[in-house]
Enquirer: 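My questions all concern the structure below.
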2 protein chains.
Amino acid sequence: MTRYISLRKNAAVLELAILGFLYDAPLHGYVLRRHIAALTGHVRPVAESTLYPAIKRLEKAGLLVRATEPGAVAAPRHVLRLTEEGRRELKRRLAEPAQREITDENNWFTLLAFLRHLADPAAQAAVLRRRLAFLEEPTSFFYDGDRPLAAEEVDDPFRRGVLTIARATSRAELAWLRDTLASLDGVGR
Amino acid sequence: MTRYISLRKNAAVLELAILGFLYDAPLHGYVLRRHIAALTGHVRPVAESTLYPAIKRLEKAGLLVRATEPGAVAAPRHVLRLTEEGRRELKRRLAEPAQREITDENNWFTLLAFLRHLADPAAQAAVLRRRLAFLEEPTSFFYDGDRPLAAEEVDDPFRRGVLTIARATSRAELAWLRDTLASLDGVGR
DNA sequence: GGACTGTACATCGGAACCGATGTATACCTG
DNA sequence: CAGGTATACATCGGTTCCGATGTACAGTCC
């Protein structure tokens with residue numbers, strides 16, 4: 001009986017980042033915003049008018065509480081603190097990520113940034129194995145009918161670039177995944 | 001006086017893909033959907049209920065026209081064909097991509113998939129140079145205050161993975177970009 | 001002292017997202 | 001010939017997105 005707080009896909013990653021940052025320490029919205037900008041902002045900036053409603057959603061869902069503090073330099077701050085349910089929800093989202101969080105590199109990186117909060121090495125390894133399975137299934141970007149095309153078969157230099165870069169990424173990640181899984185399994189034994 | 005068809009960010013990439021695929025040949029929605037699924041579907045699936053409204057937007061904007069054909073095996077097909085304005089708009093979007101299309105790898109790959117339609121090598125090179133500039137500015141995912149952290153400085157194995165993978169991707173892409181720019185510049189002379 | 005930048009939040013409203021659901025035809029399989 | 005799958009499109013409606021805009025205070029720069 002899994003409860004979903006948000007229906008939208010982008011919302012899910014944003015909420016994950018909020019929960020992840022707050023897991024370590026209470027923060028107010030402005031600092032949280034800068035943390036998120038540092039993590040993913042160079043790729044996809046997060047608008048203030050997206051962040052603040054997201055915070056409200058999480059508050060409404062009982063995952064965090066807001067405490068108003070007199071503003072040191074500006075308007076009063078709302079210090080955000082995770083509730084027990086918020087901590088549980090973060091762990092649930094880390095342990096059972098949606099498929100999008102596995103397949104989309106942006107989402108996956110956000111998930112990795114907080115995976116350490118899932119203290120159990122076996123649970124962490126299970127998540128990495130989902131990514132491993134995704135990377136191991138042969139997929140391309142370009143097809144001749146149903147047959148995936150290799151970089152060498154593609155004439156267009158730009159499409160070739162896509163395949164070349166994707167292959168390099170995939171190799172580096174597979175190597176890292178296997179290393180990390182080996183050491184996680186070592187801990188578990 | 002640039003006209004924007006869509007305000008949303010995801011919409012812009014989806015529309016780019018539609019215009020890009022139709023540039024080569026007229027297609028009906030179902031085949032278009034499978035093309036898009038092959039290109040980006042393994043990472044971010046596109047829902048039918050997102051695609052069909054997007055087609056309608058482009059039609060309304062005069063970028064494509066629909067011709068109803070009796071369905072060979074099922075319901076009547078709407079064969080989509082770019083108008084002259086649609087062809088111009090694709091080239092405009094390829095030549096002057098939004099910043100998101102440069103920074104977000106998913107969007108960038110979609111753009112690369114169709115960049116050949118921008119026949120002019122100098123214009124193609126200008127787009128690649130924007131990506132080059134983005135990759136060359138030093139950014140990290142994790143910071144100690146304002147100082148970006150290198151992979152070696154990060155304890156958390158998962159965050160280290162993010163940096164390791166990102167670095168490998170970046171290296172591969174920089175090498176490809178420099179190669180490709182060199183050969184594009186060669187053509188232009 | 002006016003202009004600008006940074007801090008710290010908030011609301012509004014039109015646009016887009018997308019799961020669920022519906023309609024219809026054609027083919028294949030047991 | 002019923003049931004499942006593939007083709008081919010469409011609408012509905014709750015949710016989310018996000019640019020524009022507003023409020024307010026503090027520090028900096030010229």
Side-chain angles (χ1 to χ4, degrees), chain A residues 2-18 26-37 40-41 44-61 64 66-80 98-100 104 146, chain B residues 2-18 26-37 40-41 44-61 64 66-80 98-100 104 146:
Chain A
T2 336
R3 281 203 316 129
Y4 289 105
I5 304 300
S6 54
L7 293 168
R8 295 295 290 287
K9 300 301 178 57
N10 286 346
V13 214
L14 177 56
E15 289 171 12
L16 187 70
I18 297 173
L27 298 171
H28 62 276
Y30 193 80
V31 170
L32 184 59
R33 183 166 140 71
R34 285 202 284 110
H35 282 17
I36 292 173
T40 58
R44 289 175 163 253
V46 171
E48 282 182 278
S49 48
T50 302
L51 177 61
Y52 287 111
I55 291 170
K56 278 195 185 166
R57 279 202 301 278
L58 296 178
E59 188 192 14
K60 207 172 158 188
L64 58 81
R66 293 201 283 181
T68 305
E69 260 188 17
V73 284
R77 298 164 160 184
H78 292 177
V79 177
L80 312 171
Q99 194 55 17
R100 164 82 63 103
D104 185 334
D146 277 340
Chain B
T2 337
R3 282 204 314 130
Y4 289 105
I5 305 300
S6 54
L7 293 169
R8 295 294 291 286
K9 300 300 179 57
N10 286 345
V13 215
L14 177 56
E15 290 170 12
L16 187 70
I18 296 173
L27 297 172
H28 62 274
Y30 194 79
V31 170
L32 183 59
R33 183 167 139 70
R34 284 200 286 111
H35 282 18
I36 292 173
T40 58
R44 288 175 164 254
V46 172
E48 282 181 277
S49 48
T50 303
L51 176 61
Y52 287 112
I55 291 172
K56 279 194 186 165
R57 279 202 302 277
L58 297 178
E59 189 193 14
K60 206 172 160 190
L64 57 82
R66 292 200 284 181
T68 305
E69 259 187 18
V73 285
R77 297 164 162 184
H78 292 178
V79 176
L80 312 171
Q99 193 56 16
R100 164 82 62 105
D104 184 333
D146 278 339

Enquirer: Can you see if the side chain of K56(A) gets near the phosphate of dT11(C) - specifically, an N or O under 4.0 Å from OP1 or OP2?
Expert: yes
Enquirer: State whether R57(A) places a side-chain N or O below 4.0 Å from either non-bridging phosphate oxygen (OP1 or OP2) of dC17(D).
Expert: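 Result: yes.
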Enquirer: Looking at H78(B), does any N or O in its side chain come under 4.0 Å of the phosphate oxygens OP1/OP2 on dA8(D)?
Expert: no
Enquirer: OP1 or OP2 of dG19(C) less than 4.0 angstrom from a side-chain nitrogen or oxygen of S49(B), does that happen here?
Expert: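 S49(B) to dG19(C) OP1/OP2: no side-chain N or O under 4.0 Å.
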Enquirer: Side chain of Y30(B) only, heavy atoms from C-beta on: which candidate in dG6(C), dT16(D), dA6(D) is closest?
Expert: dA6(D)
Enquirer: Once you round it to whole Å, what is the distance between P of dA10(C) and CG of L80(A)?
Expert: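 Distance check: L80(A) CG to dA10(C) P gives 9 Å.
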Enquirer: Could you please name the option among dC9(C), dT16(D), dT11(C) that lies closest to any side-chain atom of Y52(A)?
Expert: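 Looking only at heavy atoms from C-beta outward on Y52(A), the closest nucleotide is dC9(C).
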Enquirer: CG of L14(B) to OG1 of T50(B): how many Å apart, nearest 0.5 Å?
Expert: 7.5 Å
Enquirer: In chain order, what residues pass the side-chain hydrogen bond (donor to acceptor under 3.5 Å, both in side chains) check against H35(B), with sequence neighbours excluded?
Expert: none
Enquirer: Let me know the distance between CG of L27(A) and P of dC9(C), rounded to the nearest Å.
Expert: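 After rounding, the gap between these two atoms is 11 Å.
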Enquirer: Quick one: pull up CZ in R33(B) and CD1 in I36(B) and give me the separation to the nearest 0.5 Å.
Expert: 9.0 Å
Enquirer: Has T50(A) got a side-chain N or O lying under 4.0 Å from the OP1 or OP2 atom of dC17(D)?
Expert: no
Enquirer: Please report the distance, rounded to the nearest Å, between CG in N10(B) and P in dC18(C).
Expert: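 Interatomic distance, CG of N10(B) to P of dC18(C): 7 Å.
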Enquirer: To the nearest angstrom, how far is E69(B) atom CD from dT25(C) atom P?
Expert: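 Going from CD in E69(B) over to P in dT25(C) covers 18 Å.
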Enquirer: Search all heavy atoms of P53(B) against all heavy atoms of E48(B) and return the closest pair with its distance.
Expert: CD-O, 4.1 Å
Enquirer: Nearest-nucleotide wise, let me know which of V31(A) and R44(B) is further upstream toward the 5' end of DNA chain C.
Expert: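 Per heavy-atom nearest nucleotide, the more 5' residue is V31(A).
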Enquirer: What is the separation between atom CG on L51(A) and atom P on dA8(C), rounded to the nearest whole Å?
Expert: 14 Å
Enquirer: In Å and rounded to the nearest 0.5 Å, what is the NZ to CG distance from K56(B) to L64(B)?
Expert: 12.5 Å
Enquirer: Is it the case that dC9(D) (base atoms only) and E48(B) (side chain only) share a donor and an acceptor within less than 3.5 Å, ignoring hydrogens and angles?
Expert: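 Answer yes: a donor N or O sits under 3.5 Å from an acceptor.
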Enquirer: Of R66(B) and A47(A), whose closest DNA chain D nucleotide lies nearer the 5' terminus?
Expert: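 Its nucleotide being nearer the 5' end, the pick is R66(B).
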Enquirer: For the side chain of R100(B), starting at C-beta, report the closest nucleotide among dA8(C), dC17(D), dC18(D).
Expert: dC18(D)
